[in-house]
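Have a look at the structure below, then the notes.
In the text below, chain A, chain B and the rest are named by the order of the sequence lines, each starting its count at 1.
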Number of protein chains: 2
Amino acid sequence: MAMAQNVAQGDSPAQGQPARPDLAAMLVPLGRALMAAEQPILNAQGLTMWAYTVLLHLDEKPIRTQSALAEAIRADKTRIIAVLDALEARALIHRQPDPEDRRARLLSLTPEGRLLRDRVQYAIQQGEERLLALLPAEEREGFLRGLRTLSALPDLTLE
Amino acid sequence: MAMAQNVAQGDSPAQGQPARPDLAAMLVPLGRALMAAEQPILNAQGLTMWAYTVLLHLDEKPIRTQSALAEAIRADKTRIIAVLDALEARALIHRQPDPEDRRARLLSLTPEGRLLRDRVQYAIQQGEERLLALLPAEEREGFLRGLRTLSALPDLTLE
DNA sequence: GAGGTTAATATGCATGCGCTTACGATGTGC
DNA sequence: GCACATCGTAAGCGCATGCATATTAACCTC
């Protein structure tokens with residue numbers, strides 16, 4: 001009697017013994033573990049996670065302002081300055097005043113920056129493929145596709 | 001010529017334009033977004049994320065020591081004390097000295113704790129199901145199965 | 001040209017968290 | 001009985017982060 005009364009709406013019996021752990025309870029530790037696993041690769045190239053994130057986003061398209069970059073990678077406007085300093089000092093990025101608006105700094109990857117980004121990402125994704133190889137083929141495909149879809153959602157709300 | 005030389009091993013062309021973003025680059029923001037989406041539900045019950053995590057883990061099986069709990073939820077041994085204090089003050093958990101070893105504190109959910117855990121998790125998973133409903137059925141199944149498999153791995157290494 | 005706005009930068013503050021140390025209470029081995 | 005280990009607790013340090021403020025240079029409007 002007490003078993004069924006709470007499963008009224010929806011087809012997911014989350015009451016009592018749930019059918020699965022919470023998504024965040026699986027996603028967050030997995031994400032942390034992956035970041036930790038990437039760290040040695042980044043360390044070997046003298047890159048912080050923020051620096052790597054910057055390289056990744058700059059590669060897609062050159063960005064006009066640092067604020068836009070900060071917002072895109074969900075970092076603090078003032079905190080990425082040191083990151084950009086370090087990347088510029090290693091000639092991995094260009095940071096030139098926009099001739100059209102000299103307040104802004106045009107950001108772009110240098111060839112060396114692109115090369116390093118490629119090397120690091122290749123190493124990381126090679127490792128990831130080894131992990132994904134543990135999954136059956138269709139499961140792997142569904143995982144990747146679902147992950148891409150969900151992570152592309154603009155903003156999530158549960159209510 | 002330069003295009004193919006680096007894709008020697010494996011079937012994933014991660015060099016140049018990668019076929020997909022890094023896993024962590026999708027997982028971590030998605031996990032953060034989910035946690036943020038859960039926050040209002042937890043706030044409504046006066047629970048912190050740590051407190052909810054404790055409730056989740058205590059429900060599976062009673063735990064003998066606080067250290068074991070801390071390790072299980074990857075929290076700091078000393079930091080969960082305040083969390084347990086608060087949960088105990090609200091009578092959501094029991095924390096009794098183990099008669100066999102009075103140094104240890106036996107931890108378990110009270111009926112009220114289990115009830116609250118059920119309510120909160122039900123609300124959260126209801127919201128999650130709405131998100132998952134955005135995915136095609138087989139994609140959703142693969143995503144969930146892959147996620148469960150990967151998050152169950154004891155320790156990840158990319159090298 | 002004066003006033004208001006925006007970008008980049010520097011700086012400070014508060015928070016949360018991982019890590020370490022210290023201590024008292026308890027248990028174990030000799 | 002005594003040395004040592006273990007558990008819970010308290011306190012502090014250090015680092016990363018988010019948030020806010022202030023400054024300077026450049027732009028824009030009138």
Donor-acceptor check, side chain of [X] to backbone of [Y], threshold 3.5 angstrom: yes or no?
| X | Y | answer |
| --- | --- | --- |
| E128(B) | L23(A) | yes |
| R140(A) | L132(A) | yes |
| R117(B) | E112(B) | no |

Pick out the pairs of N or O atoms, protein on one side and nucleotides 14-20 of chain C on the other, that lie under 3.5 Å.
unit_1	atom_1	unit_2	atom_2	d
dC17(C)	OP1	W50(B)	NE1	3.0
dG18(C)	O6	R79(B)	NH2	2.5

Tell me the interatomic distance from [X], atom [atom1], to [N], atom [atom2], rounded to whole angstroms.
| X | N | atom1 | atom2 | value |
| --- | --- | --- | --- | --- |
| K77(A) | dC19(D) | NZ | C1' | 11 Å |
| I81(A) | dC19(D) | CD1 | P | 16 Å |
| D98(B) | dT6(D) | CG | C1' | 13 Å |
| L106(A) | dA26(D) | CG | P | 15 Å |
| Q96(B) | dG8(D) | CD | P | 14 Å |
| I80(A) | dA16(D) | CD1 | P | 17 Å |

Next on the checklist: salt bridge (Lys or Arg N to Asp or Glu O under 4.0 Å) for E139(A) and R148(B)? Distances and angles first, verdict last.
Outcome noted: CA-CA 11 Å; E139(A) 195 171 307; R148(B) 294 189 74 158; over 6 Å; no
Next on the checklist: Is there a path of hydrophobic side-chain contacts, each under 4.5 Å between heavy atoms, that joins L47(A) and L115(A)?
Outcome noted: no
At a cut-off of 3.5 Å, list every protein nitrogen or oxygen paired with a nitrogen or oxygen from nucleotides 3-7 of chain C, distance to 0.1 Å.
unit_1	atom_1	unit_2	atom_2	d
dT6(C)	O4'	R103(A)	NH1	3.3
dT6(C)	O2	R103(A)	NH1	2.9

Checklist entry - Which nucleotide sits closest to the side chain of R102(B): dT26(C), dC27(D), dT9(C)? => result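 The nucleotide sitting nearest to the side chain is dT26(C).
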Next on the checklist: With a 4.0 Å cut-off on N to O distance, would you call D98(A) and R105(A) a salt bridge?
Outcome noted: no
Checklist entry - Which residue pairs pass the side chain to side chain donor-acceptor pair (under 3.5 Å) test with at least one member in residues 22-32 of chain B, sequence neighbours excluded? => result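 For residues 22-32 of chain B: Y52(A)-D22(B), Q121(A)-D22(B), Q125(A)-D22(B).
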Next on the checklist: To the nearest 0.5 Å, what is the distance between OG1 on T110(B) and CZ on R90(B)?
Outcome noted: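 Rounded to the nearest 0.5 Å, the OG1-CZ separation comes out at 10.0 Å.
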